[in-house]
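Heads up: numbering here begins at 1 and tracks the sequence.
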Amino acid sequence: MDQLALHRRAQDIFQATVGGVGVDQLHLPTPCEGWSVADLVDHVVGGNTWVQGLAGRRPITGPEDDKVTALAMSADAAHEVFAAEDGLSRMFELPFGTMPGVAFIGLRTNDVFTHAWDLAKATGQSTDLDHELAVEGLKASSMRIQPQMRSAGGPFGPEQPCPEGASPADRLAAFLGRAVN
């Protein structure tokens, strides 16, 4: 799979989902325990600026009072890091180890896509998001996430039940510990 194309699609899906959020919904809780809709948007913007900083770039964040513009600007700048000539081969120093851009972009893609699902769920939008991205995310997560990485309040909760015939995005969310019902 073209990792750059998947990353761009995840960023676009997240932005489209944010576009469906009303100002009166920013305070709503999300499937990420303790995080509101606004917190999740800020988290993705922060992740995008983190990518830029790890690449030695001055982070582009956009205006603080305009979450949609800040998200778009930070997403474009993060994507530019990975799309650079050495973006997928360069090594990134992360808190949990050093990894090449080709692995880091996969983590970022899955994080952004999963949080699009979280926002959709929290704000009553369809969670039937990009099937191909969800299938790829589930494949990658199944290989990466070990049982010891799962805990209540941790990055990945215990796998949740998922109804028969659920969308791939719902199956991914359930695998990552989200309640899909």
Problem set entry | Minimum heavy-atom distance C162-A174, with the two atoms named | CB-CB, 3.8 Å
For this session: Work out which heavy atom in K121 is nearest to a heavy atom in A179; give both atom names and the distance.
Result: CE-O, 3.8 Å
Problem set entry | Pairs where residues 159-181 contributes a residue and the test ring-ring contact (aromatic ring centres under 6.0 Å, His included) is met, not counting sequence neighbours | none
Seminar exercise, completed: Here the gap from R8 atom CZ to T109 atom OG1, rounded to the nearest 0.5 Å, amounts to 10.5 Å
For this session: Could I get the full list of side-chain hydrogen bond (donor to acceptor under 3.5 Å, both in side chains) partners for N110, not counting sequence neighbours?
Result: S141
Exercise. Got a sec, which pairs hit side-chain hydrogen bond (donor to acceptor under 3.5 Å, both in side chains) with one end in residues 91-106, sequence neighbours left out?
Worked result: E93-T98
For this session: Could you tell me whether D12 and R9 make a salt bridge, using a distance below 4.0 angstrom between a side-chain N and a carboxylate O?
Result: no
Exercise. Heavy atoms, side chains only, cut-off 4.5 Å: are T49 and Q52 in contact?
Worked result: yes
For this session: Evaluate the side-chain contact (heavy atoms from CB on, under 4.5 Å) criterion for residues L71 and N48: first the C-alpha distance (whole Å), next the side-chain angles of each, then the deciding distance (0.1 Å), finally the verdict.
Result: CA-CA 8 Å; L71 177 62; N48 289 336; 4.2 Å; yes
Exercise. Short question: side chain of Q160, backbone of P158 - any donor-acceptor pair under 3.5 Å?
Worked result: yes
Problem set entry | Residues in ring pair (Phe, Tyr, Trp, His ring centres under 6.0 Å) contact with H43, at least two apart in sequence or another chain | W35, H115
Seminar exercise, completed: Closest non-hydrogen atoms of A169 and F113, given as atom of the first, atom of the second and distance, are CB-CZ, 4.1 Å
Problem set entry | side-chain contact (heavy atoms from CB on, under 4.5 Å) between Q11 and D76, worked out | CA-CA 9 Å; Q11 293 282 358; D76 289 346; over 6 Å; no
For this session: For Q146, look at atom CD and say whether over 12 heavy atoms of other residues, nucleotides or ligands are found less than 6.0 Å away.
Result: yes
For this session: Please identify each residue that fulfils side-chain hydrogen bond (donor to acceptor under 3.5 Å, both in side chains) with Q125, with sequence neighbours left out.
Result: T123
Exercise. Hey, mind stepping through H131 and D128 against side chain to side chain donor-acceptor pair (under 3.5 Å) and telling me if it holds?
Worked result: CA-CA 8 Å; H131 289 203; D128 188 9; 2.6 Å; yes
Exercise. With no hydrogens and no angle check, is any side-chain donor or acceptor of T114 less than 3.5 Å from a backbone partner on D111?
Worked result: no
Exercise. Does the side chain of P168 reach to within under 4.5 Å of the side chain of L138, using non-hydrogen atoms?
Worked result: no
Exercise. Apart from M99 itself, which Ile, Leu, Val, Met, Phe, Trp or Tyr residues share its cluster (side-chain heavy atoms under 4.5 Å, direct or through members)?
Worked result: L4, W50, V51, L54, V81, F82, L88, F92, L94, F96, V102, F104, I105, L107
Exercise. Does M73 sit in a hydrophobic cluster with other residues, and if so which ones, taking ILVMFWY side chains as linked at heavy-atom separations under 4.5 Å, directly or through other members?
Worked result: I60
Exercise. For A38, what residues pass the side-chain contact (heavy atoms from CB on, under 4.5 Å) criterion, not counting sequence neighbours?
Worked result: L26, S36, K67
Problem set entry | Those residues that, when tested against E136, pass side-chain contact (heavy atoms from CB on, under 4.5 Å) (two or more places apart) | M1, L6, K139
Exercise. About how many Å separate CZ of F14 and CG of L119, when rounded to the nearest 0.5 Å?
Worked result: 4.5 Å
For this session: Report yes if the side chains of I145 and L176 come closer than 4.5 Å at any heavy-atom pair, otherwise no.
Result: yes
Seminar exercise, completed: Correct closest heavy-atom pair for A78 and H7 would be C-CE1, 4.4 Å
Exercise. So which pairs with a foot in residues 165-181 pass side-chain hydrogen bond (donor to acceptor under 3.5 Å, both in side chains), sequence neighbours left out?
Worked result: W117-D170, D118-R178, T127-D170
Seminar exercise, completed: Taking every heavy atom of P29 against every heavy atom of A122, the minimum-distance pair comes out as O-CB, 3.3 Å
For this session: Applying side-chain contact (heavy atoms from CB on, under 4.5 Å), name anything that partners E80, two or more places apart in sequence or on another chain.
Result: R57
Exercise. Below 4.5 Å, heavy atoms only, C-beta onward: do V112 and I13 meet side chain to side chain?
Worked result: no
Seminar exercise, completed: Contacts of A140 meeting side-chain contact (heavy atoms from CB on, under 4.5 Å) (sequence neighbours excluded), chain-then-number -> R144
Problem set entry | Minimal non-hydrogen separation, P163 against V180, with atom names | CD-CG2, 3.6 Å
